[in-house]
Amino acid sequence: MLCTVIIGDVCVGVSPGSNTGIGKTTAIDLSRRGARVIMACRDKQRAEAAISNNKKVREVLNNEVVFMELDLGSLQSVRSFAETFLKSEYRLNILVNNAGESCIAGMSPVLMVTVASKVHEYGKIDFNCLSTHKDLAVGESDWALFRKYSHSKLCNMLFTHELAKRLEGTNVTCYSLCPGQCFNTAGISSFLWFMMSAPILSLFYMDAESGAQTTHYCALQEGIEPLSGCYFSCCAVQKVNANTKDDAVAKKLWEVSETLCGMS
Ligand SMILES: NC(=O)c1ccc[n+]([C@@H]2O[C@H](COP(=O)([O-])OP(=O)(O)OC[C@H]3O[C@@H](n4cnc5c(N)ncnc54)[C@H](OP(=O)(O)O)[C@@H]3O)[C@@H](O)[C@H]2O)c1
Ligand SMILES: *[C@@H]1O[C@H](CO)[C@@H](O)[C@H](O)[C@H]1NC(C)=O
């Protein structure tokens, strides 16, 4: 495959003996297939260490794995990332929103994959909270953080629904997905460690390689283009609740997001 891919958040689990995450697995897999991979991470050292400290990983990578600084918590960083990208790259074929918050202003990927989660089923969109607090929910307790996480994953679904509508007729497609519950990646740890112990968890959870399979499927599978906007899990399209494809809410969320990002 000859294409350029940006993957947000690929530096996961880089200390010795620690674990790899879904984004890193995706970067390695796409690189092995010949893609030029842009690792969009906020910490250069961690990003490079994730690749170069691992001999097995280094051997399978082509030389086309490039770090570009991106902190999704800062709109300024998102903008300067986009500028750097546009200056140095001449095309973008696949965008993998591994943290589900990346910004694609000014770019035109052929395909966009947003890593959401089944947890979106617990999410709600509170536009009042968004307008008063510029956040999806208030509070810092584990429970509040879990609620925010589920709301943000519902946002990923609505975003993909709206994006697919806006992309109709362009031959550009987008998908959202749930990787499945992966043991040992950071995303689940604080909340679930708190509730259960590791030996029990390991019976139910898969590793990052298995967790990355649906991302790879959506990024690489030919023939799924008519399913643009759909939600995937276990490498198959899934039925979703009506609130994940509510046209009015998706449109409003898009517009509110544009305002919050200073894009309108
Ligand atoms: N693991 C699961 O069981 C599971 C289940 C359902 C859905 N998901 C979804 O799958 C995706 C990947 O999950 P994961 O478990 O592999 O991820 P993860 O272990 O939570 O990794 C998070 C990654 O995001 C990066 N990151 C966090 N905030 C950032 C920011 N502001 N700017 C740039 N990078 C930032 C972190 O980089 P630093 O090293 O710089 O912190 C880290 O590399 C996520 O969207 C997650 O919600 C995961
Ligand atoms: C979409 O792809 C088809 C088939 O390759 C092509 O005929 C059509 O012109 C393309 N449309 C756009 C808007 O690029």
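Start at 1 and go down the list; that is how both ligands and their atoms are numbered.
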Number the atoms of ligand 1 from 1 as they appear, then name those within less than 4.0 Å of a heavy atom of Asp71, with their elements.
30 (C), 31 (N), 32 (N)
Presence of salt bridge, Glu140 and Lys148, under 4.0 angstrom
yes
Drop me the distance from Thr215's OG1 to Leu220's CG, to the nearest 0.5 angstrom.
10.0 Å
Going by the angle between their ring planes, with limits at 30° and 60°, are Phe232 and Tyr175 parallel, tilted or perpendicular?
perpendicular
With heavy-atom distances below 4.5 Å as the criterion, would you say the side chains of Asn243 and Leu154 are in contact?
yes
May I ask you to check whether Ile22 has an N/O atom sitting below 3.5 Å from an N/O atom of ligand 1?
yes
Begin from the C-alpha positions of Ser210 and Asp207 and carry the test side-chain hydrogen bond (donor to acceptor under 3.5 Å, both in side chains) through to its verdict.
CA-CA 6 Å; Ser210 314; Asp207 60 17; 2.7 Å; yes
of all protein heavy atoms, closest to atom 2 (O) of ligand 2 is Asn171 ND2, 2.2 Å
Between Leu72 and ligand 1, which part of the residue brings a heavy atom under 4.0 Å of the ligand: side chain, backbone, both or neither?
both
Quick one: does Ala40 get within less than 4.0 Å of ligand 1, heavy atoms only?
no
Taking atom CD of Gln213 and atom NE2 of His216, what is their separation to the nearest 0.5 Å?
6.0 Å
Would you say Val115 contacts ligand 1, with heavy atoms under 4.0 Å as the rule?
yes
Just let me know how Ala208 lines up against ligand 1, side chain, backbone, both or neither, with a heavy-atom cut-off below 4.0 Å.
neither
Is the closest N or O pair between Lys153 and ligand 1 shorter than 3.5 Å?
yes
Around Lys165, counting heavy atoms of other residues, nucleotides and ligands shown, do more than 12 lie under 6.0 Å from its NZ?
yes
Relative to the heavy atoms of Gly169, which atoms of ligand 2 are at a distance of less than 4.0 Å?
13 (C)
Proximal ligand 1 atoms for Ser117, defined as those under 4.0 Å from one of its heavy atoms
6 (C), 7 (C)
Looking at atom 9 (O) of ligand 2, is any protein heavy atom nearer than 4.0 Å to it?
no
Test item, Ala116 contacting ligand 1 (heavy atom, 4.0 angstrom)
yes
Could any protein non-hydrogen atom be found less than 4.0 Å from atom 5 (O) of ligand 2?
no
Which of these, Ser77, Cys41, Ser80, sits in a side chain to side chain contact (heavy atoms under 4.5 Å, CB included) with Leu70?
Ser77
Is the His161-Tyr231 ring centre distance short of 6.0 angstrom?
no
Run the contact test for Cys41 against ligand 1 with a 4.0 Å cut-off on heavy atoms, strictly below, and give the result.
no
Would you mind listing which atoms of ligand 1 come within a distance below 4.0 Å of any non-hydrogen atom of Asn98?
11 (C), 12 (C), 44 (C), 45 (O)
Please determine whether a side-chain nitrogen of the Lys or Arg among Arg36 and Glu89 lies less than 4.0 Å from a carboxylate oxygen of the Asp or Glu.
yes
Below 4.0 angstrom from a heavy atom of Gly73, which ligand 1 atoms are there? Numbered from 1 as shown, please.
31 (N)
Hey, is Leu70 touching ligand 1 through its side chain, its backbone, both or neither, going by heavy atoms under 4.0 Å?
backbone
Kindly indicate, with the supporting measurements, whether the criterion salt bridge (Lys or Arg N to Asp or Glu O under 4.0 Å) is fulfilled by Glu83 and Arg79.
CA-CA 6 Å; Glu83 270 168 36; Arg79 289 197 182 97; over 6 Å; no
